[in-house]
Amino acid sequence: MIKIDVLTLFPGFFESPLSASILKIAIEKGLLEIRLHDLRTWGVGKRRNVDDRPYGGGPGMLMTPGPIFEAVEAIGGTKDGRLILLTPQGKRLDQELLDELAREQRLVLICGRYEGIDERVRIGLSPEEISIGDYVLSGGEIPSLVLIEGLARQIPGVLGDASSADAESFKGGVLDFPQYTRPPEFRGMRVPEVLLGGDHKKIDEWRRQEGLRRTLAVRPDLRSGGTDGYR
Ligand code: ADE
């Protein structure tokens, strides 16, 4: 069972993804608990402000530190878990990190918004910073969902054995081999003959080769012991 508190200005972002498919199942099975906290609850003044202009000038607005600190305090701190800030400046999320996070009992995710976040959130709360890739989104909500869905799959009991195997093969540094189902011929495209025969040694060898070929074509970095932790 893993408990995740999400601090966000847009709790609505999470509603539909949490009520479908794997995440719904994980929650229903009691293996995952998500608590959404609207940062505006701790906003300032009648309009519950949560952002302001940057000192020193510049475009855009920054999230003020107050609501984030107060939210963390209101949920009882993060002593028993990991505090994570989703930001493009963070450590790149990968399968290894997801596996590690899936073994935690509690996570607190801070979703950044606007042009950034007051630096005192980093100084005072020392969150771990995680990025889902080298591109910039408008906020940490979708990255949080990516993280939640990626780790939910790794919680024992959420998936059947068959489907949990694919992450393992990815960690082994090889992408999935091509898969086919019926019909044997579709619009002139035939299922490779080897898959139609029953020779499992041949099938295994074909799959291994095709997985490798695909990997070398699109992700050679996975095979060359690149910089991302995969072998
Ligand atoms: N917030 C905005 N862009 C992001 C990214 N790529 N990863 C994590 N959080 C983000």
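Remember, it's 1-based here, ligands and their atoms both numbered in the order they're listed.
Side-chain atoms of E115 come within 3.5 Å of backbone atoms of M61 as a donor-acceptor pair (strictly under, hydrogens ignored). Side chain of R106 to backbone of I2: no donor-acceptor contact under 3.5 angstrom is found. Between the side chain of T8 and the backbone N or O of C111, no donor-acceptor pair lies under 3.5 Å. A distance-only check finds a donor-acceptor pair linking the side chain of R223 to the backbone of G173 [under 3.5 Å].
Nearest protein heavy-atom contact of atom 3 (N) of ligand 1 is L137 N, 3.0 Å. The closest protein non-hydrogen atom to atom 7 (N) of ligand 1 is I132 N, 3.0 Å. Nearest non-hydrogen protein atom to atom 6 (N) of ligand 1 is Y135 O, 2.8 Å.
Checked against a 3.5 angstrom limit, the closest N/O atoms of P143 and ligand 1 fall outside it. Considering backbone and side-chain atoms alike, S138 places every N or O at 3.5 Å or more from each N or O of ligand 1.
The proximity of T87 to ligand 1, defined as any non-hydrogen pair under 4.0 Å, is limited to the backbone.
Under a 4.0 angstrom heavy-atom cut-off, G133 registers as being in contact with ligand 1. For I130, the closest heavy-atom approach to ligand 1 falls below 4.0 Å.
Within 6.0 Å of CD1 on I142 lie no more than 12 heavy atoms contributed by other residues, nucleotides or ligands.
P183 approaches V191 most closely through the heavy-atom pair O-CG2, 3.9 Å.
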